[in-house]
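Data block below; observations after.
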Amino acid sequence: MKYLPKQIEKKWQKAWEEKNIYSAKNFSQKKKYYALVEFPYPSGDGLHTGHVRGYTAMDIIARKRRMEGHNVLYPIGWDAFGLPTENYAIQKGLHPTVITKKNTDTFRRQLKSLGFSFDWDREINTTDPQYYRWTQWIFLQLYAHGLAYKQKMFINWCPKDKIGLANEEVVDGACERCGTKVEQREKDQWMLRITAYAEKLLKGLDAVDYIEAIKLQQKNWIGKSEGTRIEFPIHYVAGSSQSPENIGANSIEIFTTRVDTIFGCTYVVVNPKHPILDANRALIKNWNAVELYRAQAEKKAGAQRREIEKEKTGVKIEGVCVINPATKKEIPLFVSDYVLAEYGTGAIMAVPAHDERDFSFAKKFNLPIIPVITAHAESTPNADEVYTGEGLVINSGKFIGMESEKAKKVIADFVHGESEVHYHLRDWVFSRQHYWGEPIPLVFCKQCEQRIKGGTFKKGIFSKGELSNPGWIALKDKQLPLELPKVKKYQPTDTGESPLAAMNAWTKTVCPVCKGEAVRETDTMPNWAGSSWYFLRYIDPQNKKALADGKKMKYWMNVDWYNGGMEHTTLHVLYSRFWNNFLYDIGVSPVAEPYKKRTSHGMILGEGGIKMSKSRGNVVNPDGVVQAYGADALRVYEMFMGPFDQSIAWDPGSIAGCSRFLNKVWDISMNKVSARTSASEDLKYKINTTIKKVSEDIESMSFNTAVSTLMIFVNTCYALEEIPKNVWEQCIKLLAPFAPFITEELWHQLGHKKSIHIDMWPRFDEKHLRSAMTPLVCQINGKKRAVVEIPAGTEKEGALKLALQDRGFATYAKDKEVIKIIFVPDKIINLIIKD
RNA sequence: GCUCGGAUGGCGGAAUGGUAUACGCGCAACACUUAAAAUGUUGUGAUCGCAAGGUCAUGUGGGUUCGAGUCCCACUCCGAGCACCA
């Protein structure tokens with residue numbers, strides 16, 4: 001019989017589906033295991049080789065767990081809302097639903113052909129109203145708890161896609177999707193208060209097992225800084241046309257993490273939008289210059305600011321100065337856009353000696369640079385260099401000689417500073433002006449707005465969100481799902497309004513509270529919404545009463561192992577952790593942290609190491625590989641190609657190699673397996689070490705070395721005349737998670753009636769992990785001079801004797817004075833000799 | 001600029017401080033074949049040598065060690081992320 005992948009793969013795919021062997025059982029007595037992969041966006045291009053990499057890896061984990069006796073949940077679904085579908089719909093004049101159906105059909109067929117052990121009964125789709133009903137419900141919960149709010153703000157606007165983008169979706173000032181340069185537009189946007197969860201999201205990282213790089217990225221994204229808020233009194237400068245009584249505000253608050261350097265503060269800077277400017281307008285002598293600068297800064301705000309990074313700009317405020325509360329000296333006040341409006345207090349104390357940005361500003365404006373920290377007591381501080389590290393305090397009155405870290409607290413007290421924490425994390429822009437997304441289930445009611453603003457309403461009828469966003473009323477739970485209306489045109493508009501806004505019949509509605517006239521919100525939710533809680537829906541995908549049953553969630557949560565792309569390690573992981581933490585706080589999710597363990601896989605690049613893209617025409621379609629070599633070969637290849645966490649280039653030649661390997665496995669199984677059960681000591685050693693190595697490598701995602709270990713063992717078998725059936729079966733089982741089709745076929749050929757994939761995972765026997773003979777490396781002065789075979793466990797004396805029996809080695813040692821002998825049992829003997 | 005990875009044959013890569021180059025690709029020779037493909041066998045870091053064998057090689061320069069791809073210091077280059085966050 002010949003190995004014909006196409007035939008056997010079709011056969012087993014059907015058989016597995018009929019017997020439903022991969023279905024997860026709620027409340028099974030077996031230990032549960034929840035393995036999760038990021039569900040795909042079903043684009044028109046079909047499955048990508050990158051999907052195959054991640055899905056195969058988790059499939060291997062899931063299959064191994066099943067064979068180890070776990071009740072495994074390995075689900076899949078579709079993250080189907082999104083721009084490409086909408087764009088395609090516009091282009092072809094088809095409805096997005098139709099396109100989505102077609103695309104998911106393709107993806108489903110492809111995924112099935114690859115033999116992933118998904119539980120297809122739990123398939124979900126974010127665009128299904130029965131699914132997004134709960135996405136909307138979660139949004140309303142966030143709203144009710146005051147975590148969603150509408151705000152007028154500048155958004156990043158992509159003129160090509162005609163959509164507002166979150167900061168995270170802007171890469172180098174351009175749209176992440178299409179590369180078009182992003183513009184700034186002012187718009188009312190729904191925001192989610194993720195910043196309220198900054199501390200929880202940070203703390204939660206301590207309790208989970210994510211690879212270090214991911215934890216670090218999350219931490220950096222949240223960006224916690226602990227510092228001090230300090231008041232700098234404003235001082236009227238003589239010669240101004242106004243008298244001091246007319247000063248609009250008498251101090252500026254700044255935030256710093258380095259209060260220990262305050263004696264070196266030689267000026268203060270506020271950002272151009274800072275209210276202190278308008279408040280003191282009457283005192284500012286050069287108001288025209290200030291206004292001009294503000295106008296310029298406004299223009300280059302946001303994404304375009306990166307271009308002016310090198311040259312710092314700013315204007316000195318004439319007529320007003322501030323007092324350094326540490327030195328009590330007058331220092332000048334500046335306005336500059338290198339100080340951000342959105343962070344801290346929008347004002348800083350500038351310490352040019354110990355901050356790079358302040359230093360370059362001071363150089364340009366010729367401001368004094370006073371070093372107040374020195375790295376060592378001996379070193380003389382240099383005013384031409386920036387030192388940003390910790391050290392000893394100098395030039396700072398009574399604090400001289402203290403360690404800077406310790407000085408922070410006492411100096412803070414000295415200047416009456418308040419300790420304060422800030423985060424880099426910003427609130428999440430949650431509005432999109434597009435058709436193909438979840439409608440935001442709110443209406444605007446003028447009557448209710450009046451009542452809220454006037455305070456004329458009964459207590460308890462409005463939620464926290466409704467009170468802080470007067471007029472925006474939540475739909476009642478029973479009104480969900482708020483379905484997308486069927487429209488003729490879903491083209492986005494240049495005005496920045498959602499296409500839904502033109503749907504008068506749909507937007508006109510009734511207020512759920514007062515039954516008066518109301519208008520629907522026409523923005524939809526971003527892509528991230530549906531994927532922020534999907535792991536909960538898999539647990540109970542058909543539930544009509546709740547997003548999932550509480551008991552079932554308690555049984556399955558949390559996700560034991562979540563693997564996905566590197567590109568999602570900040571945003572998607574952070575957003576979904578936020579939602580799940582929130583759902584935990586309101587008693588819906590049974591755990592705060594959704595993912596116990598998170599890993600990420602590297603990208604697959606095109607041949608030659610360039611990115612795969614349609615425009616380059618180097619995209620590899622898995623279908624073609626399956627046609628030519630079979631799904632098993634593709635799976636084995638993608639695991640074998642290189643370290644799982646690194647990006648790697650596609651190499652068609654290597655697939656042929658993996659196909660050859662499977663042919664060899666087939667060949668041995670058909671021709672060399674004997675009914676004999678007794679194996680040689682050497683073979684026992686080899687199969688046991690193979691079991692150990694493959695088992696461990698799978699756990700550490702070292703799939704490439706797991707495959708090569710299997711190749712080595714198979715090569716050994718291939719060289720033998722015959723191989724005992726029980727040994728060979730162990731080998732097939734180790735290969736089963738990697739190549740599920742061929743192993744299932746061979747397993748049945750060997751006479752088994754049940755599936756190999758529910759058989760027991762092989763165990764190794766400790767006593768066969770050592771071979772009888774072992775090579776001993778013989779060195780002279782650390783240089784290898786010979787290798788001799790010795791019985792394992794030989795002691796030093798015996799080993800030396802055996803080593804010296806090697807003639808070549810003995811020649812080196814002859815007539816030499818041996819100073820020292822280094823001996824590592826079963827590994828090495830090293831004679832140190834005098835020349 | 002900052003943070004985190006990484007650098008090993010012609011290529012992808014392997015290697016708890018202990019035989020560097022496993023495994024695979026490619027290449028070469030041979031076998032099978034009328035022939036080719038497929039398959040199999042053998043060889044394959046560089047260099048000197050008929051050979052036995054020697055010498056040199058893990059980005060660069062130092063160090064620790066009996067012994068360093070692996071640990072330490074300095075540097076170069078590549079990749080990813082962040083980017084005026086005070």
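Just so it is clear, the values below take in all heavy atoms, side chains as well, and ignore hydrogens, waters and symmetry mates. Per chain, numbering begins at 1; letters A, B, ... match sequence-line order.
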Practice task
Write down the distance separating the C1' atoms in rC48(B) and rU42(B), rounded off to the nearest Å.
Solution key: 25 Å
Problem - Rounded distance in Å between the C1' positions of rU60(B) and rU76(B) - result: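 Pairwise C1' distance, rU60(B) against rU76(B), rounds to 7 Å.
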Exercise for the section: Not counting sequence neighbours, which residues clear side chain to side chain contact (heavy atoms under 4.5 Å, CB included) with Ala213(A)? List them please. Expected result: none
Problem - Listed partners of His354(A) passing ring pair (Phe, Tyr, Trp, His ring centres under 6.0 Å), at least two apart - result: none
Exercise for the section: Could you work out which one of rU19(B), rG24(B), rG40(B) sits closest to the side chain of Tyr718(A)? Expected result: rG40(B)
Handout entry: Thr256(A), nearest nucleotide to its side chain (from rG26(B), rC4(B), rA86(B))
Key = rA86(B)
Contacts under 3.5 Å, N or O only, protein and nucleotides 64-74 of chain B:
residue	atom	partner	partner atom	Å
rC66(B)	O2	Asn830(A)	ND2	2.4

Who pairs with [X] by side chain to side chain donor-acceptor pair (under 3.5 Å), at least two apart in sequence or on another chain?
X	value
Gln217(A)	Thr569(A)
Lys364(A)	Glu311(A)
Lys215(A)	none
Asp651(A)	Ser654(A)

Problem - Residues which pass salt bridge (charged side-chain N to carboxylate O under 4.0 Å, His left out) with Lys784(A), listed by chain and number, not counting sequence neighbours - result: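 If we apply the salt bridge (charged side-chain N to carboxylate O under 4.0 Å, His left out) test to Lys784(A), skipping adjacent residues, there are no hits.
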Problem - Inter- and intrachain pairs under salt bridge (charged side-chain N to carboxylate O under 4.0 Å, His left out), touching residues 701-722 of chain A, at least two apart - result: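 Those involving residues 701-722 of chain A are Arg676(A)-Glu722(A).
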Completion exercise
5' to 3', nucleotides 6-16 of chain B under a 4.0 Å protein heavy-atom cut-off (B base, S sugar-phosphate only, - none) gives ------BSS-B
Short heteroatom pairs, N/O only, protein and nucleotides 47-55 of chain B, under 3.5 Å:
residue	atom	partner	partner atom	Å
rG54(B)	OP1	Tyr812(A)	OH	2.7

Problem - side-chain hydrogen bond (donor to acceptor under 3.5 Å, both in side chains) contacts touching residues 641-650 of chain A (sequence neighbours left out) - result: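 Passing the test, one end in residues 641-650 of chain A: no pairs.
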